[in-house]
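Each remark here refers to the structure printed beneath this line.
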Amino acid sequence: MIDFTAAAPTAGNLNVRWIHGTVPGAANMDPAWQVHAYDPHTCVLRQSKAASYEAPFVYLLFGNNRAILLDTGATRDSALRMTVDRLVLDWLAANPRSGYELVVAHTHGHGDHVAGDESFLSRPNSTVVPARDAEGFFGFADWPGEVVSFDLGGRVLDVTGIPGHHPASIAIYDPWSGFLLTGDTVYPGRLYAFDFPAFAASLDRLVGFASTRNITHVMGCHIEMSRRPGRDYPIGSAYQPDEPPLQMTVAQLVAVRDAAHAVAARPGAHKFDDFIIFNGPSRLAVIRQLIRTTWRRATRREGVPP
Ligand SMILES: [Zn+2]
């Protein structure tokens with residue numbers, strides 16, 4: 001059995017150049033999913049910008065009895081399923097055991113985080129948690145403020161609710177990696193607060209949650225900023241050569257919280273050095289959703305395999 005407690009948090013590696021698309025018109029050689037091992041039991045994956053401009057990140061955490069996959073990406077295909085199957089086989093080859101399970105859960109229920117769900121439904125020893133049922137699956141009695149435990153087998157995650165960007169958004173703290181996984185609520189990009197009071201309250205709780213835990217990195221699900229303070233890549237960008245790191249610090253999380261409070265009374269977009277806050281369902285956000293829906297319909301018509 002692997003001891004996930006004694007040396008926690010483990011010294012992981014984020015020395016990685018994420019795939020970030022190619023110049024429009026150039027041949028894209030990126031893999032469908034880039035896999036980066038933070039440590040032997042923790043994988044961070046990024047989807048290719050050629051598959052979806054959203055290029056979301058997903059997380060695969062291995063425990064002694066089961067692994068959890070957080071999010072399934074932005075496309076309705078089986079590319080992630082094939083990648084995860086290989087990673088699980090590799091992990092089991094290094095750490096042999098029988099009856100190993102996979103739980104597929106979600107940081108929240110937006111389309112670019114759940115589109116690959118279907119390909120996991122037929123996977124043996126696997127549970128796909130409906131994106132809107134985090135509360136029920138993780139056993140919250142007092143959503144969203146409660147902190148509940150989820151045990152992967154000696155690797156016990158803390159899960160709490162952070163609605164605001166999406167009604168079922170969760171944050172997860174993993175003591176082994178020290179990651180605080182924040183979904184689309186905190187990341188270096190456009191933070192859409194569709195329900196602003198809930199968003200601000202969640203950030204207040206998240207800062208409190210973070211202050212009592214040993215956090216190595218705050219890990220979200222996208223990169224949309226450039227390295228130039230306050231400057232993001234336009235929505236739909238296929239090429240982002242000058243991205244800042246994915247990982248953020250607890251100080252940056254506190255800055256997001258403080259920024260949210262500063263703009264609470266002002267709907268619209270508010271730029272800060274490391275992120276942009278959208279207070280309320282801005283016109284831009286509505287357009288973005290429209291593009292996304294139209295695009296998904298289009299890809300379905302073209303017969304992308306499920
Ligand atoms: Zn997203």
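These figures come from a predicted structure and were not determined experimentally. When a ligand or atom number is given, it counts from 1 through the structure's own listing order.
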Tell me whether the centres of the aromatic rings in H113 and H166 are closer together than 6.0 Å.
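No.
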Please list, chain by chain and in numerical order, all residues satisfying side chain to side chain contact (heavy atoms under 4.5 Å, CB included) with R86, sequence neighbours excluded.
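For R86, the residues satisfying side chain to side chain contact (heavy atoms under 4.5 Å, CB included) (neighbours in sequence not counted) are V35, T83, D90.
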Among the N/O/S atoms of D184, which is closest to the Zn ion (ligand 1)? Give the atom name.
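Of the nitrogen, oxygen and sulfur atoms in D184, the Zn ion (ligand 1) lies nearest to OD2.
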Considering just N/O/S atoms, say which atom of D112 is closest to the Zn ion (ligand 1).
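That would be atom OD2.
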Measure the shortest side-chain to side-chain distance between V156 and F150 over non-hydrogen atoms and say whether it is less than 4.5 angstrom.
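The answer is no; the side chains never approach within 4.5 Å.
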Side chains of N95 and I2: closer than 4.5 Å at any heavy-atom pair?
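They are in side-chain contact.
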Can you tell me if H222 has an N, O or S atom under 2.8 Å away from the Zn ion (ligand 1)?
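Of the N, O and S atoms in H222, at least one lies under 2.8 Å from the Zn ion (ligand 1), which means yes.
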Below 2.8 Å, any N, O or S contact between H110 and the Zn ion (ligand 1)?
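For H110, the answer is no, given that no N, O or S atom comes within less than 2.8 Å of the Zn ion (ligand 1).
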